[in-house]
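Everything on this sheet refers to the single structure shown next.
We use all heavy atoms of the structure for the numbers below, so side chains are in, but hydrogens, waters and symmetry mates are not.
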Amino acid sequence: LSRKSIKEATEQRFRTSENSGWGTFPPQSLCDETRDFPVQLNDGTHRTLGALYDLTPKDLISMVMLEEKVFDTWYSGRTVLLGDACHKIHPGGGQGVVTALHDAIALANLLYALPSSTNEEVTQVFEEYREERHPIVTQTYRSAQMIRKMTDRGIDGALTLFLATNMPSWLWRIVLASTLKARPQVGFLPEIKNRGTVVPIASPSFLKAKAVYDFEGSLHTAAPV
Ligand SMILES: Cc1cc2nc3c(=O)[nH]c(=O)nc-3n(C[C@H](O)[C@H](O)[C@H](O)COP(=O)(O)OP(=O)(O)OC[C@H]3O[C@@H](n4cnc5c(N)ncnc54)[C@H](O)[C@@H]3O)c2cc1C
């Protein structure tokens, strides 16, 4: 057995072990440790984590591995990945779902504009999709890591929390705007008026789909009645 496979086997045993606290076994010690942690609910009421644990059926409480990674490979042959399958972003940033949706929009734009479905064309489109989304997702991943750092115990966490809570609001707006403007728009549907305060940049996938959409629209307009 190689060192790698021994390590993998050990980790797998750890995950499925009844004593590990991972998986579907109620991690009682973790619940006990965090019972008094204060939380504010959506309706503004203040509770503790313990109160939420008590309201939750025991068999629904489990501890999961929180993975964080942006993978390099996003496609192979005619198979392509999106969302958590190719990037796991720390949930503290609250960006996992929207990032997956933006992947879907970018990919749908490019597939809409796909001239033919030969393997070469498909590979080309998957590469364009990856080129558009990978840098944006990596930036989101790093921002989420910063937010995660705020909850770290020790001097690093305290320092990050201090900087984040004392950062001037104008600087926060610049940081947020740089993330928000990188949201791809759907190019193959009628355009809707932008209602947000941050205008999205026209992504390559959007421009590609929109060119085909406008061209097809012009054919319909020009067709004799
Ligand atoms: C604790 C926690 C809190 C989070 N909080 C937030 C938050 O506040 N805001 C936010 O934006 N994001 C949050 N996230 C991240 C968010 O949940 C994910 O980024 C998002 O769900 C990714 O969507 P997805 O469709 O890519 O993958 P998933 O939601 O994982 O969907 C994949 C689906 O595929 C199914 N599946 C897997 N294998 C197979 C198979 N072989 N055959 C058929 N189906 C299969 C799975 O059952 C699953 O339903 C959180 C994540 C965690 C773990």
Side-chain angles (χ1 to χ4, degrees), residues 7-8 10-17 19-56 58 60-72 74 81-103 133-183 196-198:
K7 186 168 174 278
E8 276 170 4
T10 310
E11 283 176 0
Q12 188 54 34
R13 264 205 307 280
F14 175 69
R15 281 191 204 106
T16 50
S17 144
N19 301 319
S20 73
W22 298 90
T24 51
F25 308 102
Q28 194 56 50
S29 59
L30 182 80
C31 292
D32 292 343
E33 202 184 308
T34 53
R35 275 200 81 76
D36 298 327
F37 192 84
V39 284
Q40 187 179 355
L41 304 187
N42 281 346
D43 61 6
T45 52
H46 293 267
R47 306 288 283 272
T48 58
L49 277 183
L52 300 183
Y53 296 151
D54 293 341
L55 290 169
T56 310
K58 285 273 175 288
L60 291 185
I61 302 178
S62 68
M63 208 155 107
V64 290
M65 295 263 187
L66 207 52
E67 295 156 302
E68 281 182 86
K69 176 98 188 147
V70 178
F71 289 97
D72 286 333
W74 285 31
L81 304 176
L82 58 82
D84 273 21
C86 48
H87 46 72
K88 301 283 275 182
I89 293 168
H90 190 273
Q95 293 290 308
V97 172
V98 79
T99 316
L101 289 172
H102 287 171
D103 287 351
R133 295 296 303 151
H134 192 279
I136 296 168
V137 167
T138 305
Q139 195 188 336
T140 309
Y141 165 80
R142 292 201 182 117
S143 310
Q145 275 195 321
M146 279 295 285
I147 292 169
R148 195 240 308 137
K149 258 193 159 180
M150 288 184 221
T151 58
D152 278 359
R153 293 172 193 179
I155 188 73
D156 272 9
L159 198 61
T160 317
L161 183 62
F162 176 80
L163 289 175
T165 45
N166 289 284
M167 201 160 95
S169 54
W170 60 265
L171 193 54
W172 264 120
R173 273 197 293 277
I174 293 176
V175 173
L176 288 174
S178 80
T179 312
L180 293 176
K181 72 180 180 200
R183 57 187 197 277
T197 48
V198 178

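A heavy-atom distance below 4.5 Å is found between the side chains of Arg133 and Trp74. Side chains of Gln40 and His46 form a contact here, defined as non-hydrogen atoms less than 4.5 Å apart. No side-chain heavy atom of Ile147 sits under 4.5 Å from any side-chain heavy atom of Thr160. Residues Leu52 and Leu49 have side chains in contact (heavy-atom distance under 4.5 Å, counting atoms from C-beta outward). With contacts defined as side-chain heavy-atom distances shorter than 4.5 Å, the pair Asp156/Lys149 qualifies. A 4.5 Å side-chain heavy-atom check between His87 and Thr99 finds at least one atom pair inside the cut-off. Residues Val175 and Met167 meet the side-chain proximity criterion, which asks for heavy atoms closer than 4.5 Å. In this structure the side chain of Cys86 never reaches within 4.5 angstrom of the side chain of Val70, judged on heavy atoms.
When the shell of 6.0 Å around CG of Asp43 is examined, it contains more than 12 heavy atoms from other residues, nucleotides or ligands. Atom CD1 of Ile155 sits in a sparse spot, with 12 or fewer heavy atoms from other residues, nucleotides or ligands closer than 6.0 Å.
Under the 3.5 Å distance criterion, the side-chain polar atoms of Trp172 are matched with a main-chain donor or acceptor of Ala164. Not one N or O on the side chain of Thr45 forms a donor-acceptor pair closer than 3.5 Å with the backbone of Leu41. Side-chain atoms of Arg183 come within 3.5 Å of backbone atoms of Leu180 as a donor-acceptor pair (strictly under, hydrogens ignored).
Between the CD1 atom of Ile89 and the CD atom of Gln95 there is a distance of 7.5 Å, given to the nearest 0.5 Å. We find the NE2-CZ distance between His90 and Arg148 to be 6.0 Å, quoted to the nearest 0.5 Å. The CG atom of Leu163 sits 9.0 Å away from the CE atom of Met150 when rounded to the nearest 0.5 Å. Between the NZ atom of Lys181 and the CD1 atom of Ile136 there is a distance of 10.5 Å, given to the nearest 0.5 Å. The NE2 atom of His102 lies 13.0 Å from the CG atom of Leu82; values are rounded to the nearest 0.5 Å.
Using a 4.0 Å cut-off between charged nitrogen and carboxylate oxygen, Arg47 and Asp54 do not count as a salt-bridge pair.
Side-chain contact check for Thr34 and Tyr53: at least one donor-acceptor pair (N or O, by modelled atom type) lies under 3.5 Å.
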Let's go through Lys88 and Leu66 carefully: what are the C-alpha distance in whole Å and the side-chain angles of both, what is the deciding distance for side-chain contact (heavy atoms from CB on, under 4.5 Å) to 0.1 Å, and is it a yes or a no? CA-CA 9 Å; Lys88 301 283 275 182; Leu66 207 52; over 6 Å; no
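The heavy-atom pair separating Cys31 from Ile61 by the smallest distance is SG-CG2, 4.1 Å.
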